[in-house]
**Student:** 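Following this message is one structure expressed as structure tokens.
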Amino acid sequence: MENMMKGKNVFITGGSRGIGFATAREMLIEGANAVAIVSHYPETREAALKALNEEFPGRNIVGYTFDLEVATEEEIGACMKDFISKFPDENGKTHLDAVCSIAGISHNNTIKNIPDGTFEKVVKVNLLGTWRVDRQAGLIMRAQKYGSIVNTASIAGVYGSSMGAGYGASKGGVIGLTRSLGRELSYFNVRVNAVAPGVVDTDMTRKDNTPEAMEYVKGTIALHRVSQPREQARMFVFLASDEASYCEAGIYHVDGWTTA
Ligand code: NAD
């Protein structure tokens, strides 16, 4: 398909690499009017912007930097408002059509060896960060009476993670947040859904797993392979688009049927 996102302004956290970067690419391929990517480092933001601008010359692509562990809601909201002020419709009206909250961190520790503060940090970035992004997006979309928010859960939030209590807890929280905000914002024609990826071939996965561990993981997946970021990105595009007009408060597994 092409042009699923025609005319849409899309704001993506975690857009500098991995699933977020792949989602930014797919949004542009699908004709998005403008895409904002957020990174927590200026250098990674600039590298991602350079790559996107080379591939999609002349398109509306902008970058912002904030650290979800510490950024205030006001700072996050100011970035969204700045973004949409740059790309109004032909009548000069601003619009925020989709927000993909993809930024996140993981950890790989048992309760015996997890460093002090790691559980808290993971929950701060993954759950509280998603909440702050969603709230600011939701307030804008509630007022305009449409929009789509797509969060990032994980199958670890559904089935648990044997070496990631903080990660599993944070992603379980994202699932509850998504279902609750979806119910609340449905009254305003705003859809809130989440993608729950299985294992994806990204820096995060490579950091947490040895090659031997990856072989074991593949054995737990019915499709016998991990996914590529683009395979996750396509679900973000679908849920962000009007094609998903009847999807509300849902958690969409993209996991190749992972059984453990
Ligand atoms: P990645 O490490 O490649 O990318 C993570 C992104 O989040 C980066 O753009 C990074 O800049 C951003 N980020 C991290 N900490 C941040 C902070 N404090 N403030 C702002 N931005 C921050 O990871 P990925 O694999 O692409 O993961 C993307 C999302 O998908 C995450 O939410 C992750 O939990 C989730 N997920 C990944 C997998 C997997 O197997 N890789 C599986 C399930 C869910």
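None of the values given here were measured: they were computed from a predicted structure. Keep in mind that the numbers below use all heavy atoms, side chains included, and drop hydrogens, waters and symmetry copies. First listed ligand is number 1; within each ligand, the first listed atom is number 1.
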**Student:** Between the side chains of E74 and K81, is the shortest nitrogen-to-carboxylate-oxygen separation below 4.0 Å, so that they form an ion pair?
**Tutor:** no

**Student:** Is any side-chain N of the basic residue among K6 and E30 closer than 4.0 Å to the acidic one's carboxylate O?
**Tutor:** no

**Student:** Using a 4.0 Å cutoff against the non-hydrogen atoms of V125, which atoms of ligand 1 qualify?
**Tutor:** 18 (N)

**Student:** Are more than 12 heavy atoms, taken from residues, nucleotides or ligands other than R59, located less than 6.0 Å from that residue's CZ atom?
**Tutor:** yes

**Student:** For K207, is there an ion pair with D203 - N to carboxylate O distance below 4.0 angstrom?
**Tutor:** no

**Student:** Below 4.0 Å from ligand 1: does a non-hydrogen atom of G198 turn up there or not?
**Tutor:** yes

**Student:** Nearest protein heavy-atom contact for atom 4 (O) of ligand 1: which residue, which atom, what distance?
**Tutor:** R17 NE, 3.4 Å

**Student:** Of the listed options (V254, T65, T205), which comes nearest to atom 41 (N) of ligand 1 when hydrogens are ignored and any heavy atom counts?
**Tutor:** T205

**Student:** Return yes or no for this condition: an N or O of V200 is under 3.5 Å from an N or O of ligand 1.
**Tutor:** yes

**Student:** Short N/O distance, under 3.5 Å, between I19 and ligand 1?
**Tutor:** yes

**Student:** For K171, state whether at least one heavy atom is located under 4.0 Å from any atom of ligand 1.
**Tutor:** yes

**Student:** Return yes or no for this condition: an N or O of G20 is under 3.5 Å from an N or O of ligand 1.
**Tutor:** no

**Student:** Among protein heavy atoms, which lies nearest atom 22 (C) of ligand 1, and at what distance?
**Tutor:** H40 ND1, 3.4 Å

**Student:** Is there a heavy atom of F66 sitting under 4.0 angstrom from any atom of ligand 1?
**Tutor:** yes

**Student:** My understanding is that only one of D97, N33, D242 makes a side-chain hydrogen bond (donor to acceptor under 3.5 Å, both in side chains) with K8; could you say which?
**Tutor:** D242

**Student:** For A153, counting its heavy atoms only, list the atoms of ligand 1 lying under 4.0 Å from any of them.
**Tutor:** 44 (C)

**Student:** Below 3.5 angstrom, do we get any N/O pair linking G14 and ligand 1?
**Tutor:** yes

**Student:** Starting from atom 5 (C) of ligand 1, what is the nearest protein heavy atom, named by residue and atom, and what distance separates them?
**Tutor:** G104 O, 3.7 Å

**Student:** How close does the nearest protein non-hydrogen atom get to atom 9 (O) of ligand 1, and which residue and atom is it?
**Tutor:** S16 OG, 2.9 Å

**Student:** Is it the case that the side chain of T205 and the backbone of V200 share a donor-acceptor pair, with hydrogens and angles ignored and the cut-off at 3.5 Å?
**Tutor:** yes

**Student:** Under a heavy-atom criterion of less than 4.0 Å, does A196 contact ligand 1?
**Tutor:** no

**Student:** Would a distance-only check, ignoring hydrogens and angles, find a side-chain to backbone donor-acceptor pair under 3.5 Å from T23 to I19?
**Tutor:** yes

**Student:** Which of parallel (below 30°), tilted (30 to 60°) and perpendicular (above 60°) describes H253 and Y159?
**Tutor:** perpendicular

**Student:** In the protein, which heavy atom is nearest to atom 19 (N) of ligand 1, and how far is it?
**Tutor:** L68 N, 2.7 Å

**Student:** With respect to T152, determine whether any N or O atom, backbone or side chain, lies less than 3.5 Å from an N or O atom of ligand 1.
**Tutor:** no

**Student:** With side-chain contact (heavy atoms from CB on, under 4.5 Å) as the criterion, how do Y64 and D82 come out once you've worked through the C-alpha distance, each side chain's angles and the decisive distance to 0.1 Å?
**Tutor:** CA-CA 10 Å; Y64 295 95; D82 180 72; 2.6 Å; yes

**Student:** Select the closest option to atom 21 (N) of ligand 1 among A71, G157, A103, judged by heavy-atom distance.
**Tutor:** A103

**Student:** Answer with yes or no whether Y167 contacts ligand 1, where contact means a heavy atom under 4.0 Å from a ligand atom.
**Tutor:** yes

**Student:** In the protein, what heavy atom is nearest to atom 24 (P) of ligand 1, and what distance, to one decimal place, separates them?
**Tutor:** T202 OG1, 3.6 Å

**Student:** Less than 4.0 Å is my threshold; does some heavy atom of T44 fall inside it relative to ligand 1?
**Tutor:** no

**Student:** Starting from atom 29 (C) of ligand 1, which protein heavy atom do you reach first, and at what distance in Å?
**Tutor:** I102 O, 3.0 Å

**Student:** How about D116: does its CG atom have over 12 heavy atoms from other parts shown lying under 6.0 Å from it?
**Tutor:** no

**Student:** Can you check whether V122 reaches V125 side chain to side chain, under 4.5 Å on heavy atoms?
**Tutor:** no

**Student:** When you measure from atom 18 (N) of ligand 1 to every protein heavy atom, which one gives the shortest distance, and what is it?
**Tutor:** D67 OD1, 2.8 Å

**Student:** Do the side chain of N9 and the main chain of I84 share a donor and acceptor less than 3.5 angstrom apart?
**Tutor:** no

